[in-house]
Amino acid sequence: MKHLLLLTVLIMPSFVSAEPASNMVWMPETLDFVKNGNVQKGEQLALSCASCHGEKGISAMGMFPSLAGQTANYTYKQLRDYADGKRDNPMMNSVAQGLSEQDSADLAAWFQSLPAAQNKTSNQDLSKAQVLVDQGNGKKILPPCFTCHGTSGKGKRMDIPALAGQQAEYTVKTLMEYKKGTRHNDIYSRMRVISKQLSDVEIKQLGELYQQMK
Ligand code: HEC
Ligand code: HEC
């Protein structure tokens with residue numbers, strides 16, 4: 001019940017500011033458009049992504065996120081946000097500006113069709129992060145991560161990304177950016193509100209935990 005209240009706080013329209021976080025609006029037509037992305041065309045287009053994101057969407061370096069197995073809606077939204085300048089990254093802004101909406105949907109379909117990264121193991125004690133994933137923190141505005149990202153970090157429909165198997169270095173970097181507000185393309189500020197409640201140590205642990213999640 002308490003978590004339900006917290007979730008309500010997070011999705012309240014009071015968080016919507018004049019400047020929208022994203023130009024993405026999930027209308028039924030948009031959902032259909034992304035669902036019908038062409039995997040074969042996406043595979044061809046993805047040749048130009050391989051140098052950074054890996055041939056099968058699994059990147060070899062921590063600073064480059066893996067894309068394999070990611071939910072298509074999320075990948076599509078990120079590509080449009082980079083193209084619109086709603087999410088800032090010099091490398092990705094120029095890549096995405098060269099992609100049409102159709103290209104973005106095709107790429108999103110291709111990456112969703114690939115098996116996600118093999119989970120690496122860590123011998124660190126990640127029990128505190130596990131509590132945040134399972135229970136959140138009732139003393140703060142911190143609902144458990146699983147309510148949105150799923151119990152095994154697989155993501156969900158609409159715009160919720162999968163996190164399982166993701167490069168820890170990237171996850172930490174992006175959570176720190178939400179926390180500072182330099183990443184601000186999350187609709188309703190959901191991830192900015194959540195990251196501000198997390199300490200840097202918790203963020204590091206969460207990155208490790210999701211990287212090794214099965
Ligand atoms: C020169 C290297 C480079 C190339 C080429 C590149 N990317 Fe990226 N990509 C990055 C980096 C670095 C990030 C992380 C940027 C950030 O933190 O915002 C990223 C982030 C992304 C994200 C966001 C992932 C997430 O989990 O939020 C998507 C989606 C993406 N790239 C898709 C693509 C696609 C599709 C292509 C090919 C058409 C491509 N990228 C080509 C470097 C590259
Ligand atoms: C209220 C739902 C909700 C909750 C709870 C939530 N998230 Fe998220 N998360 C989202 C949404 C929606 C996005 C995509 C935002 C966007 O479009 O940029 C996201 C994005 C992310 C990303 C970026 C993924 C990427 O590939 O760049 C990370 C990392 C993340 N969440 C971690 C967490 C962690 C850790 C927790 C728990 C402490 C958590 N989230 C709790 C909804 C939620």
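In this text, all values refer to a predicted model and were calculated from it rather than measured experimentally. Order of appearance sets the numbers: ligands from 1, and atoms from 1 within every ligand. Quick note: numbers below take in every heavy atom, side chains included, and nothing from hydrogens, waters or symmetry partners.
- The shell of residues lying under 4.0 angstrom from ligand 2, judged by heavy atoms, includes Leu175.
- A salt bridge links Lys77 with Asp81: the closest approach of a Lys/Arg side-chain nitrogen to an acidic carboxylate oxygen falls below 4.0 angstrom.
- The contact set between ligand 2 and Thr171, taken as ligand atoms under 4.0 Å from a residue heavy atom, comprises 29 (C).
- Atoms of ligand 2 lying under 4.0 Å from any heavy atom of Arg190, numbered from 1 in the order shown and given with element: 1 (C), 12 (C).
- Close to ligand 2: Gln78, with a non-hydrogen atom less than 4.0 angstrom away.
- The nearest non-hydrogen atom to atom 17 (O) of ligand 2, considering only Lys77, Met24, Glu177, comes from Lys77.
- When NE2 of His149 and SD of Met191 are joined through atom 8 (Fe) of ligand 2, the resulting angle is 170° to the nearest 10°.
- Of the listed residues (Val172, Ile160, Ile194), the one carrying the non-hydrogen atom nearest atom 6 (C) of ligand 2 is Ile194.
- For ligand 2, the atoms lying closer than 4.0 Å to a non-hydrogen atom of Thr147 are 5 (C).
- Within the model, atoms CG of Leu142 and NZ of Lys196 stand 13.0 Å from one another, a figure rounded to the nearest 0.5 Å.
- Here Leu163 has side-chain heavy atoms under 4.0 Å from ligand 2, and that is the only part of it that gets that close.
- Contacts with ligand 1 closer than 4.0 Å are made by no heavy atom of Ala96, backbone or side chain.
- Summarising the geometry of Arg183 relative to Thr174, their closest heavy-atom pair is NH1-OG1, 2.8 Å, with the distance given to 0.1 Å.
- Where the criterion is an N or O separation shorter than 3.5 Å, residue side chain and backbone included, Asp159 fails it with respect to ligand 2.
- Ligand 1 has a nitrogen or oxygen under 3.5 angstrom from a nitrogen or oxygen of Tyr82.
- Glu208 contributes atom CD, which lies 7.5 Å from atom CD of Gln212 (distance to the nearest 0.5 angstrom).
- Every atom of ligand 1 is numbered from 1 in the order shown, and the set under 4.0 Å from a heavy atom of Arg87 is 16 (C), 17 (O), 18 (O), 23 (C), 25 (C), 27 (O).
- In terms of polar-atom proximity, defined here as any N/O pair under 3.5 Å, Lys173 does make such a contact with ligand 1.
- For Ala109 against Gly37, the heavy-atom pair with the smallest separation is CB-O, 3.5 Å.
- Residue contacts with ligand 1 for Thr174 are absent, since no atom lies close enough (heavy atoms, distance under 4.0 Å).
- Separating the SG atom in Cys52 from the CE atom in Met91 is a distance of 6.5 Å, to the nearest 0.5 Å.
- The distance from ligand 2 to the heavy atoms of Tyr170 drops below 4.0 Å at these ligand atoms: 25 (C), 26 (O), 27 (O).
- The shortest separation from a heavy atom of Tyr188 to ligand 2 is not under 4.0 Å, leaving the residue out of contact.
- Only the side chain of Pro161 comes within 4.0 Å of ligand 2, counting heavy atoms alone; its backbone N, CA, C and O stay farther away.
- If you take NZ on Lys179 and CE on Met191, they are separated by 12.0 Å, rounding to the nearest 0.5 Å.
- Protein heavy atom in closest approach to atom 27 (O) of ligand 1: Tyr74 OH, 2.6 Å.
- Listed here is the closest heavy atom pair of Ala162 and Gly69: CB-O, 4.5 Å.
- Of all heavy-atom pairs spanning His149 and Ile160, the tightest one is ND1-CG2, 3.6 Å.
- Scanning all heavy atoms of the two residues, the minimum distance from Glu55 to Ala50 falls at CA-CB, 4.0 Å.
- A donor-acceptor pair is defined here as one N or O able to donate and one able to accept, closer than 3.5 Å; such a pair exists between the side chain of Asn93 and the backbone of Arg87.
- Where the criterion is an N or O separation shorter than 3.5 Å, residue side chain and backbone included, Asn185 meets it with respect to ligand 2.
- Proximity of Glu202 to ligand 2 is not established, as no heavy-atom distance is less than 4.0 Å.
- When heavy-atom distances to ligand 2 are checked against a 4.0 Å cut-off, Ile187 has no atom that comes that close, whether in backbone or side chain.
- Ion pairing between a basic and an acidic side chain is recognised when a charged N comes within 4.0 Å of a carboxylate O; Lys173 and Glu169 show no such pairing.
- Backbone and side-chain nitrogen or oxygen atoms of Arg183 are examined, and one is located within less than 3.5 angstrom of a nitrogen or oxygen of ligand 2.
- The atoms of ligand 2 that sit less than 4.0 Å from any heavy atom of Pro143 are 5 (C).
- Protein atoms of type N, O or S found under 2.8 Å from atom 8 (Fe) of ligand 1 total 2.
- Side-chain contact of Asn73 with Thr71: a donor-acceptor pair under 3.5 Å is absent, judged by distance alone.
- The minimum heavy-atom distance between Ile187 and Met24, with the atom names listed, is CD1-O, 3.8 Å.
- Listed by atom number, the atoms of ligand 2 under 4.0 Å from Pro144 heavy atoms are 5 (C).
- Less than 4.0 angstrom separates some heavy atom of Ser48 from each of these atoms of ligand 1: 5 (C), 37 (C), 38 (C).
- Side-chain polar atoms of Asp106 and Gln102 form a donor-acceptor pair below 3.5 angstrom.
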